[in-house]
> 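Let me begin by handing over the structure; questions about it come next.
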Amino acid sequence: NTPSDIWTDYYGGWAPYAIDDGLYQAKNVVFTMERSVGPGENYDKGYSAKIASNQPYAAGYGSPKIDVTPGAQVTVKVNYLIWDHDFKGLDYDWASMGVKADATAAEAHYVNGYTRGRWAQLEHTVTAGPTGQIMVLLQGHSPAALNSNIYFDDVRIMVDGVPLASCVYETPA
């Protein structure tokens, strides 16, 4: 029931963020849920989270704190698509996924994805920290002033091999 707009779209407590440090420019980043995602026969089959810009950027969606058992093995998987704009070898953007084993700590462990023009998967496993709360960061990056569109879909979180039924923010009763 949250109003959304093309600059700050979010879902289930997954909130957008962008770095603004001189090189990376938050003012040009667009966050949205997009339906017209491809390629080919996969076009228009559902919604995906999109991060886009035509200027250098580092931006993403951060999950809410997700409760797990301290010390559990947590595996996170997400599908991503880097749109192939065919810049004749000037493809500098990439997707990444960070997992914070302890949501209250500053450190996150990242994996990167560079597959372009088709859906691919990022996967990472961590051991949950002592607080029993993890956090997931889905990010798009580009150090160049080129059109970049990166999509994320189908986040899956397994705790000790058991899939979580939900990874959205829930208001305490």
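Here, residue 1 is the first one in the sequence, and each next residue gets the next number.
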> Check Ser96 against Leu122 and note the closest heavy-atom contact, atom names and distance.
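Result for this residue pair: C-CD1, 3.7 Å.
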> Answer with yes or no whether the hydrophobic clustering places Met135 together with Met158; edges join I, L, V, M, F, W, Y residues whose side-chain heavy atoms lie under 4.5 Å apart.
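Different clusters.
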> Would you check, one step at a time, whether the test side-chain contact (heavy atoms from CB on, under 4.5 Å) holds for Ile51 with Phe152?
CA-CA 9 Å; Ile51 304 169; Phe152 293 96; 3.9 Å; yes
> Using a 3.5 Å distance criterion without hydrogens, assess whether the side chain of Arg116 forms a donor-acceptor pair with backbone atoms of Asp93.
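The answer is yes, because a donor-acceptor pair under 3.5 Å joins these two groups.
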> Enter the distance from Ser53:OG to Ile150:CD1 here, rounded to the nearest 0.5 Å.
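Rounded to the nearest 0.5 Å, the OG-CD1 separation comes out at 10.5 Å.
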> Grab the two heavy atoms, one from Leu23 and one from Pro143, that are nearest each other, plus how far apart they are.
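Here Leu23 and Pro143 meet closest at CD1-O, 4.4 Å.
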> Locate the shortest heavy-atom distance separating Gly62 from Leu137; write the atom from each residue and the value.
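Answer, listing the atom of Gly62 first, then Leu137: CA-CD2, 3.8 Å.
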> Side chains of Ile157 and Ile134: does their closest heavy-atom pair fall under 4.5 Å?
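Ile157 reaches Ile134 side chain to side chain.
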> When you measure from the side chain of Tyr151 to the backbone N and O of Asn79, does any donor-acceptor pair fall under 3.5 Å?
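Side chain of Tyr151 to backbone of Asn79, a donor-acceptor pair under 3.5 Å: no, none is there.
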> Check the hydrophobic clustering (I, L, V, M, F, W, Y; side-chain heavy atoms under 4.5 Å; chains of links allowed) and say if Val111 and Ile82 are grouped together.
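Yes, Val111 connects to Ile82 through the hydrophobic network.
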> If you measure from OH on Tyr92 to OG on Ser142, what distance do you get to the nearest 0.5 Å?
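With rounding to 0.5 Å, OH (Tyr92) is 9.5 Å from OG (Ser142).
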> With the side chain counted from C-beta on, respond yes when Tyr61 and Val155 share a heavy-atom pair under 4.5 Å apart, and no when they do not.
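No, too far: nothing below the 4.5 Å cut-off.
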> May I ask you to test the Asp102-Glu107 pair for a side-chain heavy-atom distance under 4.5 Å?
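Result no, sub-4.5 Å side-chain heavy-atom pair not found.
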> Once ring-ring contact (aromatic ring centres under 6.0 Å, His included) is applied, do any residues pair with His141, and if so which ones, sequence neighbours excluded?
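His141: ring-ring contact (aromatic ring centres under 6.0 Å, His included) contacts with Trp94.
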> Would a single hydrophobic cluster contain both Tyr24 and Val30, if residues Ile, Leu, Val, Met, Phe, Trp and Tyr are joined by side-chain heavy-atom contacts under 4.5 Å?
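Different clusters.
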> Decide yes or no for Gln139 and Tyr110: does some side-chain heavy atom of the first lie under 4.5 Å from some side-chain heavy atom of the second?
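Yes, side chains in contact.
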> Given the rule in the side-chain contact (heavy atoms from CB on, under 4.5 Å) test, do Lys65 and Thr104 qualify, once you have shown the distances and angles that lead to the verdict?
CA-CA 9 Å; Lys65 293 177 183 175; Thr104 61; 4.1 Å; yes
> Taking salt bridge (charged side-chain N to carboxylate O under 4.0 Å, His left out) as the cut-off, I'd like each qualifying pair that reaches into residues 137-153, sequence neighbours left out, listed once.
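Checked against salt bridge (charged side-chain N to carboxylate O under 4.0 Å, His left out) - neighbours excluded - no pair reaches residues 137-153.
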> Checking Lys50 side chain against Asn149 main chain: does a donor-acceptor pair fall under 3.5 Å?
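Flag not set: sc Lys50 to bb Asn149 has no pair under 3.5 Å.
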> In Å, rounded to the nearest 0.5 Å, how long is the span from CH2 of Trp83 to CG of Asp91?
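Result: 14.0 Å between the selected atoms.
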> Lys27 versus Gln55: any side-chain heavy-atom pair under 4.5 Å?
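Contact flag for Lys27/Gln55 side chains = no.
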> Return the set of residues passing side chain to side chain donor-acceptor pair (under 3.5 Å) with Gln25 (not counting sequence neighbours), or none when no residue passes.
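Only Asn28 meet the side chain to side chain donor-acceptor pair (under 3.5 Å) criterion with Gln25.
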> Testing the 3.5 Å rule here: is there a donor-acceptor pair between the side chains of Gln73 and Asp160?
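Absent: no donor and acceptor within the cut-off.
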> Does the side-chain contact (heavy atoms from CB on, under 4.5 Å) test come out yes or no for Leu138 and Tyr80, once each step is laid out?
CA-CA 9 Å; Leu138 305 177; Tyr80 74 93; over 6 Å; no
> Please step through side-chain contact (heavy atoms from CB on, under 4.5 Å) for the pair Thr75 and Glu123, ending with a clear verdict.
CA-CA 7 Å; Thr75 299; Glu123 179 177 343; 3.7 Å; yes
> Honestly curious: do Trp14 and Ile19 fall in one hydrophobic cluster under the side-chain, below-4.5 Å linking rule?
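Different clusters.
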> Just so I know, are the side chains of His124 and Val76 near enough to count as touching, which here means a heavy-atom distance under 4.5 Å?
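In short, these two side chains do not touch, never coming nearer than 4.5 Å.
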